[in-house]
Amino acid sequence: MTPAVLVWWQAVGIQASLVGDDLPQIASDPHLCRHILQNLIGNAVKFTDAGGVEIAARQQGGELQVTVRDTGIGIAADQLPHIFDEFWQADGTSSRKYGGTGLGLAIARKYAGLLQGRITAESTLGKGSTFTFALPLRLSLPGAEMAPPPAALLPAAPAGVGRAQPSAAAAGQGQRILLVEDNEPAVIQMSDILTSQGYRLQVARDGKEALVAVGQALPDAMILDLMMPQVDGFQVLKAIRGREATAHLPVLILTAKHVTREELSFLKGNHIQQLIQKGDVSRAELLAAVARMVAPAPPAKPELPPRARVRRQRSGKPVVLVVEDNPDNLRTMRALLQDTYTVLEATDGRAGVEQARAHRPDLILTDIAMPVMDGLDALRAIRADEALRSTPVLAVTASAMKGDQETILAHGFDGYLSKPVDADLLRKALRELLD
Ligand code: ADP
């Protein structure tokens with residue numbers, strides 16, 4: 001059967017040609033199909049500076065296969081397995097140049113699954129990519145003679161308060177989150193992630209809407225995008241901090257924007273809970289950050305996790321894990337700490353996370369730049385682990401510049417010490433966090 005082919009060649013002077021019109025009618029959901037194709041074609045055009053984009057459709061047995069082929073920048077073989085992950089984008093340079101949220105393909109694959117189809121990708125770096133969306137000619141739902149469009153499978157309409165779908169394991173218990181976001185795929189995905197965990201979601205599409213929404217009913221927390229038309233995230237933050245009712249509203253910044261040092265210090269000065277880069281977070285990490293945000297304020301003297309308490313009683317000394325790849329620094333830290341604390345050691349982030357999981361220390365001190373897994377990824381893994389979520393983690397790093405400190409704290413560390421470590425400052429920081 002002749003495939004139907006639509007070609008965009010030389011993106012500037014778009015040339016389209018349709019070949020063959022003998023494709024079968026399919027019974028599926030037009031909204032989901034359109035959403036998937038928009039994403040694949042949008043990406044192909046976005047990531048192609050020269051050459052073109054070809055869209056072809058053909059019947060293959062009981063399936064319709066749509067291929068979107070481009071001659072764009074391509075994707076490196078080691079990155080290809082990750083492109084369907086939520087918030088994933090190729091290296092920062094290309095995502096910054098091309099923009100986006102890193103959510104499109106994750107949603108597209110999910111929708112393809114709902115349509116009992118699949119999306120696959122092949123790519124050669126520097127040469128181009130081919131994405132294939134295959135779907136059954138007739139979507140079959142159990143018990144349905146002729147497949148109706150799976151409207152029920154669509155996520156709840158993102159505008160207004162979303163449906164709460166609490167589950168026994170859900171982190172949220174109906175807390176109201178105001179999502180301030182103008183990007184539709186991000187709204188759909190966040191709505192999906194948060195409502196499935198029992199949060200009630202209200203969406204504001206721009207800063208103005210957000211300010212009206214918080215004025216009408218105070219949410220439990222806000223997730224704020226920075227780049228929005230007219231009133232942007234910075235202005236929203238400034239406005240809500242200026243109002244008594246919202247001065248202490250927990251705010252999580254979720255942005256694809258590269259935040260400058262000045263902007264970061266503005267955000268910190270306006271008491272944001274955490275800054276998360278969209279291309280840089282998993283579903284579990286995002287949920288952990290939201291759970292921390294809406295958690296009730298900790299008691300003045302935080303309870304230690306039961307295992308840590310038992311160990312402390314047993315050994316008489318709190319357990320401190322030091323994650324550091326430089327043997328001299330490690331030796332120094334050991335010398336400074338071993339009289340007062342039981343010291344565990346790891347020489348890279350991954351080993352540090354393993355040690356933390358195995359021994360549940362009372363506190364973790366970690367270097368940032370390390371082989372295998374750096375301190376930021378280690379922190380993320382620690383925060384994503386239920387048993388370690390409340391363990392204080394201090395960054396110990398050579399980056400002594402003010403902006404770096406702010407960046408480090410914005411990643412969610414509980415504190416910061418610069419190298420070479422000052423013995424008094426170290427002891428003071430540990431005492432404060434442990435006692
Ligand atoms: P976004 O495009 O919003 O960043 P997607 O989930 O749609 O998010 O894509 C994830 C990443 O996969 C992109 O950031 C890009 O690095 C890579 N990618 C997707 N499609 C293509 C393509 N056609 N060519 C090159 N890279 C692509």
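Counting starts at 1 for both ligands and their atoms, in listed order. FYI, the numbering just counts along the sequence from 1.
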*Check each heavy atom of Leu105 against ligand 1 and say whether those closer than 4.0 Å belong to the side chain, the backbone, both or neither.*
both
*asked:* Closer than 3.5 angstrom, by distance alone: can the side chain of Thr347 be matched with the main-chain N or O of Asp325 as a donor-acceptor pair?
replied: no
_Carboxylate-amine/guanidinium contact Glu63 Arg118, below 4.0 Å_ = yes
*Quick one: does Phe131 get within less than 4.0 Å of ligand 1, heavy atoms only?*
yes
_Min heavy-atom dist Gln79 to ligand 1 below 4.0 Å_ = no
*Would you say Gln355's side chain and Glu345's backbone share a donor-acceptor pair under 3.5 angstrom?*
yes
*Could you tell me whether ligand 1 has any atom less than 4.0 Å away from a heavy atom of Gly72?*
no
_Out of all atoms in ligand 1, which are within 4.0 Å of some heavy atom of Gly104? Include the element for each._
5 (P), 6 (O), 7 (O), 8 (O)
*What atoms in ligand 1 come closer than 4.0 Å to a heavy atom of Lys46?*
1 (P), 2 (O), 3 (O)
*Polar proximity ligand 1 side, Gly74 side, N/O cut 3.5 Å exclusive*: no
*asked:* I need the contact type for Thr48 against ligand 1. Using non-hydrogen atoms and a strict under-4.0 Å cut-off, is it side chain, backbone, both or neither?
replied: neither
*asked:* Quick check on Arg350: does its CZ atom have over 12 non-hydrogen neighbours (other residues, nucleotides or ligands) under 6.0 Å away?
replied: no
*Subset of ligand 1 atoms that lie under 4.0 Å from at least one heavy atom of Ile83*: 10 (C), 12 (O)
*Note: Arg383-Asp414 ion pair, threshold 4.0 Å (strictly below)*: yes
*Could you tell me whether the side chains of Arg200 and Gln175 share a donor-acceptor contact shorter than 3.5 Å?*
no
*State, yes or no, whether a side-chain contact exists between Phe131 and Ile41 at a heavy-atom distance under 4.5 Å.*
no
*For Asn39, counting its heavy atoms only, list the atoms of ligand 1 lying under 4.0 Å from any of them.*
7 (O)
